[in-house]
Amino acid sequence: MTKSLLEEVMTVSLRRGILYPTAEIYGGLAGFYDFGPIGTRIRNNLIRLWRTRFVENRDNVFEVSGNTLLPSPVFEASGHLDHFTDPSASCSKGHITRIDQLIEERLKIPAEGKRNDELEAIVREKKLRCPVCGDPLGEVTSFGLMFGTSVGGERRQAFLRPETAQNIFLGFKRVQTAMRAKLPFGVAQIGRSYRNEISPRQSIVRVREFGQMEIEYFVDPDQLDECPLFEELAPIPLNFVTREAQEKAAKQSATDFTSIQISVQEAFEKKYVPNQWMACILGDEVEFFKLLGIPDQAIRFRHMRPEETPHYSGGNFDLEVNLSFGWKEVIGNAYRRDHDLKSHMKGSQKDLSYDLEGAKVIPHVLEPSFGIDRLIYAILEHTYRPQDKTRGWNWFQLPPQLAPYHGVVLPLLNRSELEERATTLYSVCRGQGLDVLYDASGRIGRRYARADEIGIPKAVTIDPQSLEDQTATIRYRDTGDQTRHLISEIPNLLKLQHDFSSFFRLSPKP
RNA sequence: GCGCUGUUGGUCUAGUGGCUAGGACUCCAGCCUGCCACGCUGGGUGCCCGGGUUCAAAUCCCGGACAGCGCACCA
């Protein structure tokens with residue numbers, strides 16, 4: 001049986017310290033993975049790129065870092081407590097009971113597949129009570145998506161957040177006033193979220209603890225079609241799957257959807273998306289993806305069908321990446337209208353409106369939410385170069401900005417003069433803030449292979465000629481070609497020589 | 001959560017109810033080596049966990065964990 005691409009990528013990842021199961025020596029825990037030293041470097045680089053483009057390069061985006069554990073009322077207000085998956089009810093003392101299990105156990109009737117209101121009717125009819133204390137049971141809600149715990153001596157109920165977004169809404173007023181932020185502005189957050197998935201799958205694509213990079217853009221509802229990025233992003237092409245295309249595919253029992261290519265401008269003007277802001281967010285992501293090593297044709301935006309979209313949404317558009325096991329959501333883009341701020345105003349009894357020249361406005365929210373782990377998997381799969389016949393080993397063609405090291409310094413031969421010269425260069429590079437490795441173990445080809453396998457873009461080799469004329473060779477991972485340079489120029493040549501112009505160009509001042 | 005399949009050094013794998021569980025690659029040390037893992041020598045690490053059957057279990061049985069796939073789920 002041949003290995004799937006996923007299994008192959010995972011094998012390399014395990015061997016080279018990219019990632020491995022959490023608590024592996026105890027048999028692991030389904031849906032949890034740790035990043036190893038190489039994976040952490042890649043992850044940090046991805047986060048750095050994201051922050052550079054979407055936060056630091058923008059004048060009006062503010063980054064926060066929220067806690068992962070939040071008190072229960074937050075999720076009562078957000079609606080998460082009503083949308084869990086396992087039906088449960090709590091009594092007046094706060095004991096939580098799985099209602100489907102209680103019914104099956106006590107009444108010996110099947111409860112599977114019944115809706116919450118049906119289960120609640122059974123509870124009322126049969127007068128089921130809390131099995132712990134005997135108190136009456138409250139409303140039946142679905143439970144299980146969120147990891148719950150209790151806090152402090154008073155055992156206050158709390159949950160690990162299922163999305164980073166909530167902290168942003170909770171802190172909206174603080175951020176807005178502290179930063180004296182004017183609409184439109186964004187609040188970004190990079191952090192971890194938790195969902196107790198019934199069945200984690202596909203390595204780090206569906207996990208129970210995952211990283212998210214999110215922004216909530218707060219926009220005056222009257223200015224949703226006046227995005228300051230529009231002029232820059234208007235020509236960007238988008239692969240787009242309309243709802244009509246999905247209906248058509250369903251009717252024909254097709255296995256895939258047909259996508260169309262439209263520009264950001266068309267997406268807005270022809271109303272493929274609800275507003276200009278959403279069109280720009282999608283274009284912004286296409287530009288970002290150019291740096292990740294995932295080809296354009298492997299990404300598309302899918303307009304989520306109504307049944308996949310919450311009632312309050314003004315339209316959700318997933319960025320999906322074509323992976324070996326199908327198209328997978330890597331970014332969720334949601335137009336949440338004023339749902340979140342309104343819900344928390346109601347839940348907290350605090351005013352979260354924005355003072356717009358004396359008039360109270362509840363900003364509308366547009367939310368691009370990146371799944372870090374999925375994105376890393378997508379990058380690994382798309383940059384993996386297996387069965388390379390010319391070089392004889394598998395490698396990752398990681399973009400230089402994501403590669404775990406800028407380069408590796410190698411003495412061609414294990415002679416002390418060469419090693420001295422090489423370690424000196426290594427130290428100089430490190431002193432200049434470069435991430436470089438030194439490797440003198442084994443023959444040169446083996447060391448090139450080791451470097452390739454974790455995607456190091458350049459290898460510098462000190463050879464006997466280096467001692468005569470102070471030069472060294474740079475071998476390029478992607479081609480295997482070599483060029484010779486003065487050693488004094490090597491550190492600069494290892495620094496990223498990438499065209500960042502489009503990356504840094506955007507600098508709107510709304 | 002249900003079902004199918006699987007789990008042997010770091011990785012990939014051979015294997016049988018019974019001597020010190022074999023190989024390949026990687027890794028480490030040394031030698032060699034004027035540029036792409038395939039020169040030499042030496043070395044290290046392993047039968048997923050628990051229970052059962054048995055004189056004897058890595059092997060058979062049961063349960064669990066984990067993984068891949070399918071279904072369901074993924075507000």
Side-chain angles (χ1 to χ4, degrees), chain A residues 1-8 10-17 20-33 36 75 78-86 100-101 112-113 116 141-146 162-163 165 195-203 205-208 210 304 307-313 316 318 324-326 328-329 332 334 336 339 371 374 388 390-395 410-415 418 439-453 459-468 472-477 479-482 484:
Chain A
M1 213 173 104
T2 59
K3 270 194 154 188
S4 67
L5 184 55
L6 177 139
E7 288 170 310
E8 217 178 307
M10 285 304 287
T11 293
V12 182
S13 296
L14 280 171
R15 195 170 68 244
R16 300 313 307 265
Y20 42 80
T22 296
E24 188 181 12
I25 61 171
Y26 287 100
L29 185 60
F32 294 87
Y33 286 88
F75 301 110
S78 71
H80 286 93
L81 276 170
D82 286 334
H83 294 285
F84 290 172
T85 49
D86 297 329
D100 53 341
Q101 288 179 350
E112 199 178 340
N116 287 348
T141 55
S142 297
F143 215 75
L145 172 70
M146 292 199 292
E163 58 178 19
R195 293 181 194 180
N196 203 357
E197 296 280 356
I198 292 169
S199 158
R201 284 292 152 87
Q202 291 149 340
S203 125
V205 173
R206 243 172 89 188
V207 281
R208 291 180 165 138
F210 53 99
M304 304 304 282
E307 63 269 26
E308 298 175 298
T309 310
H311 64 91
Y312 53 79
S313 172
N316 286 14
D318 279 3
S324 57
F325 41 87
K328 290 288 163 185
E329 174 198 358
R336 301 172 72 130
H339 169 77
R374 290 180 171 194
D388 186 322
T390 53
R391 68 182 84 193
W393 57 81
N394 306 336
W395 55 293
L410 315 164
L412 179 62
L413 307 167
N414 290 335
R415 278 188 217 154
L418 294 182
D439 190 353
S441 171
R443 301 168 89 89
I444 193 72
R446 178 174 303 249
R447 286 177 270 160
Y448 288 150
R450 273 199 288 255
D452 282 358
E453 202 172 26
V460 179
T461 306
I462 300 289
D463 57 18
Q465 189 182 331
S466 305
L467 303 175
E468 293 161 20
T473 59
I474 294 181
R475 172 209 181 254
Y476 299 89
R477 174 199 65 194
T479 59
D481 294 345
Q482 290 185 327
R484 187 171 279 277

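When reading the values below, keep in mind they use all heavy atoms of this one structure, side chains included, and skip hydrogens, waters and symmetry mates.
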### Message
What I want to check is whether an N or O donor and acceptor connect the side chain of Arg201(A) with the base of rG70(B) at under 3.5 Å.
### Response
yes

Walking RNA chain B from its 5' end, the first of Ser441(A) and Arg15(A) to be reached, judged by nearest nucleotide, is Arg15(A)

With Leu410(A) as partner, the option from Leu418(A), Val460(A), Ile444(A) fulfilling side chain to side chain contact (heavy atoms under 4.5 Å, CB included) is Ile444(A)

Among rC36(B), rC74(B), rC35(B), the one nearest any side-chain atom of Arg195(A) is rC74(B)

Atom CG of Leu413(A) and atom C1' of rC35(B) are separated, to the nearest Å, by 9 Å

Across every strand shown, the nucleotide meeting Watson-Crick or G-U wobble geometry with rC48(B) (both distances under 3.5 Å) is rG64(B)

Re rA29(B): Watson-Crick or G-U wobble partner, both distances kept under 3.5 Å, found to be rU41(B)

note: Leu418(A), atom CG; rC35(B), atom C1'; distance rounded to Å ~ 12 Å

- Item | Parallel, tilted or perpendicular: rings of His80(A) and Phe75(A) (30°, 60°) | perpendicular

Using a heavy-atom cut-off of under 4.0 Å over every strand shown, decide if Asp452(A) touches base, sugar-phosphate, or nothing. nothing

Reckon Thr473(A) touches a base, only the sugar-phosphate, or nothing at all at heavy-atom distances under 4.0 Å? base

Under a 3.5 Å limit on both distances, the Watson-Crick or wobble mate of rA14(B) is none

Report yes if a donor N or O on one partner sits less than 3.5 Å from an acceptor N or O on the other, where the partners are the side chain of Gln482(A) and the base of rC35(B); otherwise report no.
-> yes

Separation of rU33(B) atom P from Asp463(A) atom CG, nearest Å, is 16 Å

Note: for Tyr448(A) and Gln202(A) on RNA chain B, the residue whose nearest nucleotide lies more 5' is Tyr448(A)

Touch class at under 4.0 angstrom, heavy-atom based, for Gly31(A) against every strand present: sugar-phosphate

Rounded to whole Å, the CZ-C1' distance (Arg391(A) to rC35(B)) equals 14 Å

Using a heavy-atom cut-off of 4.0 Å across all strands, would you classify Arg443(A) as base, sugar-phosphate, or nothing? base

note: Asp439(A), atom CG; rC36(B), atom P; distance rounded to Å ~ 16 Å

Heavy-atom closest pair (Asp452(A) atom, Trp395(A) atom, distance to 0.1 Å) is O-CB, 3.2 Å

Winner on side-chain proximity to Arg450(A), out of rC69(B), rG34(B), rC28(B), is rC28(B)

Please confirm whether the shortest side-chain N or O distance from Arg446(A) to OP1 or OP2 of rU33(B) is below 4.0 Å.
no

Q | Touch class at under 4.0 angstrom, heavy-atom based, for Leu6(A) against every strand present | A | sugar-phosphate

Quick note, Ile198(A) side chain, CB onward, closest among rC36(B), rC73(B), rA75(B) is rC73(B)

| message | Side chains of Glu308(A) and Asn316(A), heavy atoms from C-beta outward: is any pair under 4.5 Å? | response | no

Practice item. Determine the contact category for Glu24(A): base if any of its heavy atoms lies under 4.0 Å from a base atom, sugar-phosphate if only primed atoms, P, OP1 or OP2 are that close, otherwise nothing. Key: nothing

Distance-only donor-acceptor test, Arg475(A) side-chain atoms vs rC36(B) base atoms, 3.5 Å: yes

**Asked** Any side-chain donor-acceptor pair under 3.5 Å between Thr473(A) and Arg475(A)?
**Response** no

Worksheet item: What is the nucleic acid contact for Thr11(A), judged by heavy atoms within less than 4.0 Å: base, sugar-phosphate only, or nothing?
Response: sugar-phosphate

Using Watson-Crick geometry (N1-N3 plus N6-O4 or O6-N4) or G-U wobble (N1-O2, O6-N3), each under 3.5 Å, rC69(B) is paired with rG3(B)

Polar pair under 3.5 Å, donor/acceptor by atom type, side chain Tyr26(A), base rC49(B):
no

Would the distance check show the side chain of Arg208(A) and the main-chain N or O of Glu197(A) forming a donor-acceptor pair, the cut-off being under 3.5 Å?
yes

Rounded to whole Å, the CZ-P distance (Phe325(A) to rC69(B)) equals 7 Å

Glu7(A) CD to rU5(B) P, in whole Å, measures 16 Å

Backbone N or O of Pro411(A) within a donor-acceptor pair of the Arg447(A) side chain at under 3.5 Å?
yes

Glu308(A) atom CD is separated from rA75(B) atom P, nearest whole Å, by 9 Å

With a 3.5 Å cut-off and just heavy-atom distances, do the side chain of Glu163(A) and the base of rA75(B) make a donor-acceptor pair?
yes

